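Working notes, beginning with the structure itself.
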Number of protein chains: 2
Amino acid sequence: MSLTNTEVTCDIREMLDRIGDKWSVLVIVELAGGTLRFRQLQRSVPGISQRMLTLTLRRLERDGLVGRTVYPTVPARVDYELTDTGRSLTRLLRGLADWAAEHRDTVVASRVRWDAAEQAR
Amino acid sequence: MSLTNTEVTCDIREMLDRIGDKWSVLVIVELAGGTLRFRQLQRSVPGISQRMLTLTLRRLERDGLVGRTVYPTVPARVDYELTDTGRSLTRLLRGLADWAAEHRDTVVASRVRWDAAEQAR
DNA sequence: CGGGATCCTAGTCGATACTG
DNA sequence: CAGTATCGACTAGGATCCCG
C-alpha cells in the first residue's frame, strides 16, 4: 500500500494535469447527469466563459472523456456526453468530494489558526 | 449516487485547489514514507526548486496536512511529517493512481487519434 | 447556437542571489 | 541546512468581437 515510488506519483500528476484545472471537473459533473448541449452546459456551470467551456470540452474530448455529436441543423446543435471512460471518473470524484466534506472543518480551522499566528508576527 | 449538485462540485474544487498544483501531491507522497528533513525532501522530489518546496510546504502546513518541527541546533534542522489528516489523503491518491494506471492507455490512444485528425485539417 | 481569433491580466513557477 | 527576497518567463483564464 506504499505510495512512495516515482511511477505512482507520475500517474497521479498525469491525472491532476487532466482534471486539476479550474473547470474540467465541473463540466464532468454536469455531464454526469446526462447529455447536454453547449449552451445548456454553459448555463449549468456558473461563471464559465464561452472560451473556457470550449477549451475545456476540447481537452476532455481529446482525452476521450467526453463525446461530441454535431447535428447539421440551422442553427447548429451540438451534444456533449460522457464516454465510458469519463463516466468511470465519477466514482473517483465522489471519493474526492467525500474526503473534502469529511475534512473541510479541520482544514478551515487549521487555516484560521495559521493566519492568526501569521498576523501575530 | 448522483454528483450533480453545486455543493458537491464545490467540495471537489476545494480539494483540487489544495492538491491540484504542480508539487503538493509529490511532496505528500514522499512524506507518506515517513518524516523527512527539508533537504531530504528536496532530493526526493526531483526538479523542485528550493522556493517551490518552501511554498508548497507552507501551504500544506497551513491546511494542517503537514506538521513542521524545528530543532534549534546549528545548523538548523527541520522535520516535516504528515498529520493524521494528511495521511488520510493517501488513500485518495491511491485511488487516483489506480484510475490513471487503468485508463492511461485508452487516454493516450484517444489523444493520438485526436492529434492525427487535427493534423489532417 | 456554437464556436474561433485576439488581446490582456493575474497568478504560477523557475533561476538566482543572499542570510542566520 | 533551511530558508527569504527578487526578478523574469510563461500560461491559465477572462473579456470582447466576429462568423456561419
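All values below were derived from every heavy atom in this structure, side-chain atoms included, with hydrogens, water molecules and symmetry-related copies excluded. Letters A, B, ... are given to chains in the order of the sequence lines, protein chains preceding strands, and every chain is numbered from 1. In this text, all values refer to a predicted model and were calculated from it rather than measured experimentally.
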N/O (side chain, [X]) to phosphate O (OP1/OP2, [N]) under 4.0 Å:
X: B:Arg77; N: D:dC1; answer: no
X: B:Arg58; N: D:dG3; answer: yes
X: B:Arg39; N: D:dC1; answer: yes
X: B:Arg59; N: C:dT12; answer: no

Sorted by number, the residues of residues 42-56 of chain B with heavy-atom contact under 4.0 Å to DNA chain C: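 Only B:Gln50, B:Arg51, B:Met52 qualify.
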Near-strand residues of residues 13-22 of chain A, defined as heavy-atom separation under 4.0 angstrom from DNA chain C: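 The answer is none.
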Working to the nearest 0.5 Å, report the span between [atom1] of [X] and [atom2] of [Y].
X: B:Leu65; Y: B:Asp84; atom1: CG; atom2: CG; value: 11.5 Å
X: B:Thr106; Y: B:Arg104; atom1: OG1; atom2: CZ; value: 10.5 Å
X: B:Arg43; Y: B:Leu53; atom1: CZ; atom2: CG; value: 11.5 Å

From [atom1] of [X] over to [atom2] of [N], roughly how many Å is that when rounded to an integer?
X: A:Glu118; N: D:dT4; atom1: CD; atom2: C1'; result: 13 Å
X: A:Leu41; N: C:dG2; atom1: CG; atom2: P; result: 10 Å
X: A:Phe38; N: C:dG2; atom1: CZ; atom2: P; result: 7 Å
X: A:Leu57; N: C:dC1; atom1: CG; atom2: P; result: 16 Å

Matching residue for A:Gln42 among A:Arg37, A:Gln50, A:Glu30 - test: side chain to side chain contact (heavy atoms under 4.5 Å, CB included):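 The residue from A:Arg37, A:Gln50, A:Glu30 that satisfies side chain to side chain contact (heavy atoms under 4.5 Å, CB included) with A:Gln42 turns out to be A:Gln50.
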Touch class at under 4.0 angstrom, heavy-atom based, for A:Tyr80 against every strand present: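 Sugar-phosphate: the residue A:Tyr80, judged by heavy atoms under 4.0 Å, touches backbone atoms but no base.
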Test log, rule side chain to side chain contact (heavy atoms under 4.5 Å, CB included), inputs B:Val25 and A:Thr9: CA-CA 7 Å; B:Val25 292; A:Thr9 65; over 6 Å; no
Ionic contact status for A:Asp17 with A:Arg13, cut-off 4.0 Å: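 So A:Arg13 pairs with A:Asp17 through a salt bridge.
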Whether A:Thr83 side chain and A:Gly64 backbone form a donor-acceptor pair below 3.5 Å: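 Yes; at least one donor-acceptor contact below 3.5 Å.
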Full working for salt bridge (Lys or Arg N to Asp or Glu O under 4.0 Å) between B:Arg59 and B:Asp63: CA-CA 6 Å; B:Arg59 271 196 296 259; B:Asp63 287 346; over 6 Å; no
Pairwise side-chain contact, A:Leu96 with A:Trp99, heavy-atom cut-off 4.5 Å (strictly under): no
